[in-house]
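Everything on this sheet refers to the single structure shown next.
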Amino acid sequence: MKTFITNNLLKFTFVTIILTILFRIVLSTSITNKMTLAVILCSIVYGILMWSNGKYFGRKEYEYLPIYDIGFRFHLFTFLAHNLVSVLWFVFAFESKYENIKVIYITALIWSVFLIIHLIYYLSVRKSSIKNLDKENLFE
């Protein structure tokens with residue numbers, strides 16, 4: 001794929017960073033105040049907003065670049081943005097006194113396994129990923 005980073009992917013990543021910062025603020029505040037229900041609700045709302053973010057920009061990306069890339073680029077950039085914000089959250093000491101950075105590392109480790117599986121699948125189907133385009137007329 002010649003176009004790996006597109007405007008829609010960059011906009012998606014920017015929104016992802018903003019949502020993750022807001023998530024970290026609410027999560028750390030909820031943990032500090034020992035508000036279990038708020039932690040759960042914060043996580044659910046973050047998940048719904050991230051899904052909506054991916055759905056919106058994924059649709060716009062498909063309209064711009066009609067290929068079937070199984071969302072790997074969006075998955076990779078979500079992984080990078082979420083984990084970068086989470087690690088920097090601890091670097092700048094914004095975390096709750098009850099939070100431990102090991103949770104971030106374990107989450108990133110588990111997530112990276114799924115990302116590698118996604119990469120392997122992406123590489124295996126990328127040659128046949130041109131969708132709704134006539135392959136005979138593609139290079140004319």
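FYI, side chains are in, hydrogens and waters are out, and symmetry mates aren't considered; it's all heavy atoms of this structure. Numbers here are sequence positions counted from 1.
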Problem set entry | Residues that Phe77 engages under ring-ring contact (aromatic ring centres under 6.0 Å, His included), provided they are two or more places apart | none

For this session: Kindly state each residue pair satisfying salt bridge (charged side-chain N to carboxylate O under 4.0 Å, His left out) with at least one member in residues 35-49, sequence neighbours excluded.
Result: none

Exercise. Shared ILVMFWY cluster between Ile106 and Phe114, side chains joined below 4.5 angstrom?
Worked result: yes

Exercise. Counting distance only, does the side-chain N/O of Ser86 pair as donor-acceptor with the main-chain N or O of Asn83 below 3.5 Å?
Worked result: no

For this session: Please report the shortest heavy-atom distance between Met50 and Thr78, naming the atom on each side.
Result: CE-CG2, 3.7 Å

For this session: Could you check whether the rings of Phe23 and His82 sit parallel, tilted or perpendicular, using 30° and 60° as the cut-offs?
Result: tilted

Exercise. With a 4.5 Å limit on heavy-atom distance, are the side chains of Ile25 and Trp89 in contact?
Worked result: yes

Problem set entry | Beyond-backbone contact of Leu10 with Phe14, side-chain heavy atoms, under 4.5 angstrom | no

Exercise. Mind checking what makes ring-ring contact (aromatic ring centres under 6.0 Å, His included) contact with Phe79, not counting sequence neighbours?
Worked result: Trp111

For this session: List in chain and number order the residues that pass side-chain contact (heavy atoms from CB on, under 4.5 Å) with Tyr56, two or more places apart in sequence or in another chain; answer none if no residue qualifies.
Result: Lys60

Exercise. What's the spacing between Arg59 CZ and Asn8 CG if we round to 0.5 Å?
Worked result: 12.5 Å

Seminar exercise, completed: Across all chains, not counting sequence neighbours, the side-chain contact (heavy atoms from CB on, under 4.5 Å) partners of Leu49 are Leu19, Val45

Problem set entry | Partner residues of Ile117 under the side-chain contact (heavy atoms from CB on, under 4.5 Å) criterion, sequence neighbours left out | Val113

Exercise. Are side-chain heavy atoms of Leu123 and Leu119 found at a separation under 4.5 Å?
Worked result: yes

Exercise. When rounded to the nearest 0.5 angstrom, what distance separates CD in Glu95 from CD1 in Ile101?
Worked result: 7.5 Å

Exercise. When hydrophobic residues are tied together by side-chain contacts of less than 4.5 Å, even through go-betweens, does Ile48 share a cluster with Leu27?
Worked result: no

For this session: Take Thr13 and Ile17 through the side-chain contact (heavy atoms from CB on, under 4.5 Å) test and state the conclusion after the steps.
Result: CA-CA 6 Å; Thr13 304; Ile17 289 170; 4.2 Å; yes

Problem set entry | Within-4.5 Å side-chain heavy-atom neighbours: Leu76 and His118 | no

Problem set entry | ILVMFWY clustering at 4.5 Å (side-chain atoms), partners of Ile116 | Ile120

For this session: Decide yes or no for Thr20 and Tyr46: does some side-chain heavy atom of the first lie under 4.5 Å from some side-chain heavy atom of the second?
Result: yes

For this session: Before giving the answer on ring pair (Phe, Tyr, Trp, His ring centres under 6.0 Å), spell out for Phe74 and Phe12 the whole-Å C-alpha distance, their side-chain angles and the decisive distance to 0.1 Å.
Result: CA-CA 8 Å; Phe74 283 76; Phe12 166 80; 4.8 Å; yes

Please report, to 0.1 Å, the donor-acceptor pairs under 3.5 Å made by any side chain of residues 31-42, with sequence neighbours excluded.
from  : atom 1 : to    : atom 2 : distance (Å)
Thr32 : OG1    : Ser28 : O      : 2.8
Thr32 : OG1    : Ser96 : OG     : 3.0
Asn33 : ND2    : Thr29 : O      : 3.1

For this session: Report the relative orientation of the aromatic rings in Phe92 and Phe94; use parallel for angles under 30°, tilted for 30 to 60°, perpendicular for over 60°.
Result: tilted

Problem set entry | Residues which pass side-chain contact (heavy atoms from CB on, under 4.5 Å) with Leu84, listed by chain and number, not counting sequence neighbours | Leu88

For this session: Name all pairs fulfilling the salt bridge (charged side-chain N to carboxylate O under 4.0 Å, His left out) condition that reach into residues 6-24, sequence neighbours left out, sorted by first residue then second.
Result: Arg24-Glu99

Exercise. With hydrophobic residues grouped by side-chain heavy-atom distances under 4.5 Å, do Val85 and Leu9 end up in a single group?
Worked result: no

Exercise. Which value, rounded to the nearest 0.5 Å, describes the distance between Arg73 atom CZ and His75 atom NE2?
Worked result: 14.0 Å

For this session: Identify, with sequence neighbours excluded, every residue that meets ring-ring contact (aromatic ring centres under 6.0 Å, His included) alongside Tyr105.
Result: none

Exercise. For residues 100-110, which residue pairs qualify under salt bridge (charged side-chain N to carboxylate O under 4.0 Å, His left out), counting only residues two or more places apart or in two chains?
Worked result: none

